[in-house]
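Residues: numbered from 1 along the sequence shown. Since we're looking at a predicted model, the values are computed, not measured.
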Amino acid sequence: MIEIEKVIIVEGRSDKQKIEKIINEPVEVICTNGTISDAKLEELIEELYYKDVYILVDADEAGEKLRKQFRREFPEAEHIYIDRMYREVAAAPNWHIAQVLLRANFNVHYDYLLKR
């Protein structure tokens, strides 16, 4: 069994599905469903302590609130940002998400890098 070292935390199920089809390497994608309780956050911190954690949330008020919570409780996590004009990860074009993930050193399916 392969131990997955990279984890991406996203807000919604549609974000998770989009990321999973673009990424071309073993990555665990965790969905917060928009909010996360302090208890669940503590549980996640313990579970993910030895992994590379990335935060990819929407560029809106709810996403920023979630980012602040992760910065405070999980300062070693790396934050990945989409362009604010798309506001939501699920609404951003696949090529944009692929570029953002590539800049964060993820392997992505080449086809998604092409603007269509």
Side-chain angles (χ1 to χ4, degrees):
M1 187 167 167
I2 297 173
E3 177 70 26
I4 297 176
E5 297 298 323
K6 289 182 178 178
V7 176
I8 301 176
I9 298 174
V10 297
E11 284 182 85
R13 195 174 85 230
S14 57
D15 300 343
K16 179 179 179 174
Q17 291 169 337
K18 179 172 244 176
I19 299 302
E20 288 176 334
K21 73 179 182 182
I22 293 173
I23 286 246
N24 190 22
E25 67 178 284
V27 174
E28 181 180 0
V29 182
I30 297 173
C31 179
T32 67
N33 294 314
T35 59
I36 190 164
S37 69
D38 290 338
K40 178 65 176 169
L41 187 57
E42 287 296 321
E43 187 180 304
L44 266 180
I45 290 169
E46 286 181 31
E47 179 185 328
L48 304 176
Y49 188 75
Y50 292 105
K51 298 187 180 195
D52 297 328
V53 178
Y54 299 82
I55 312 298
L56 177 57
V57 295
D58 295 344
D60 60 9
E61 191 176 323
E64 287 306 312
K65 183 178 177 184
L66 198 53
R67 270 189 203 283
K68 285 180 185 177
Q69 189 176 12
F70 276 110
R71 272 194 204 99
R72 185 176 57 250
E73 302 295 333
F74 212 164
E76 59 278 351
E78 185 173 326
H79 291 261
I80 304 172
Y81 296 86
I82 62 166
D83 191 307
R84 291 186 91 44
M85 73 183 219
Y86 299 119
R87 297 193 45 81
E88 297 178 356
V89 172
N94 289 338
W95 62 264
H96 178 68
I97 299 296
Q99 288 177 349
V100 166
L101 291 169
L102 191 63
R103 283 194 300 266
N105 295 317
F106 284 93
N107 291 324
V108 298
H109 291 285
Y110 174 77
D111 291 348
Y112 288 107
L113 289 168
L114 305 174
K115 289 185 181 181
R116 293 183 189 167

- line: Residues I36 and Q69: closest non-hydrogen pair is O-NE2, 3.1 Å

query: Hey, any chance I97 and I23 share a hydrophobic cluster, counting ILVMFWY side chains that come within less than 4.5 Å of each other, even indirectly?
result: yes

Minimum heavy-atom distance between A91 and Y86, given as atom pair plus value: CB-O, 3.9 Å

Residue pairs, two or more places apart or on separate chains, that pass ring pair (Phe, Tyr, Trp, His ring centres under 6.0 Å) and touch residues 24-58: Y54-F106

task: For residues D52 and E78, determine if any side-chain heavy atom of one lies less than 4.5 Å from a side-chain heavy atom of the other.
output: no

- request: State yes or no: do I55 and L101 share one hydrophobic cluster built from I, L, V, M, F, W and Y residues joined by side-chain heavy-atom distances below 4.5 Å, directly or via other members?
  value: no

query: Around E61, counting heavy atoms of other residues, nucleotides and ligands shown, do more than 12 lie under 6.0 Å from its CD?
result: no

message: Nearest 0.5 Å, please: how far is NE2 in H109 from CD in E25?
response: 10.0 Å

query: What residue pairs, at least two apart or across chains, pass ring pair (Phe, Tyr, Trp, His ring centres under 6.0 Å) with a residue in residues 61-80?
result: none

message: Contact between I19 and V10 at the side-chain level, heavy atoms closer than 4.5 Å - yes or no?
response: yes

statement: One should read off an interatomic distance between E88 CD and D15 CG, to the nearest 0.5 angstrom, of 7.5 Å

- prompt: For R71, does the CZ atom have more than 12 heavy-atom neighbours from other residues, nucleotides or ligands under 6.0 Å away?
  reply: yes

- prompt: With a 4.5 Å heavy-atom cut-off, do D58 and R87 have their side chains touching?
  reply: no

message: Please find the pair of heavy atoms, one from K18 and one from P93, that lie closest to each other, and give the distance.
response: NZ-C, 4.4 Å

query: Y112 and I8: same hydrophobic cluster, using ILVMFWY side-chain contacts below 4.5 Å?
result: yes

message: Are the side chains of L48 and I30 in contact, using a 4.5 Å heavy-atom criterion?
response: yes

field: Side chains of V108 and L113 in contact at under 4.5 Å (non-hydrogen atoms)
entry: yes

- prompt: Closest heavy-atom contact between C31 and G12?
  reply: SG-C, 3.3 Å

message: When you compare the side chain of I9 with that of L66, does any pair of heavy atoms fall below 4.5 Å?
response: no

message: Tell me if a side-chain donor or acceptor on K6 pairs with a main-chain N or O of V27 at a distance below 3.5 Å.
response: no

statement: For K51 and V7 the tightest heavy-atom approach is CD-CG2, 3.8 Å

query: Looking at V57 and G63, what are the two nearest heavy atoms and their distance?
result: CG2-O, 3.4 Å

- request: Step through the shown structure and confirm whether more than 12 heavy atoms of other residues, nucleotides or ligands are within 6.0 Å of NZ on K65.
  value: no

message: Quick check: do K21 and N94 have side-chain heavy atoms less than 4.5 Å from each other?
response: yes

query: Do I82 and H96 have side-chain heavy atoms sitting under 4.5 Å apart?
result: yes

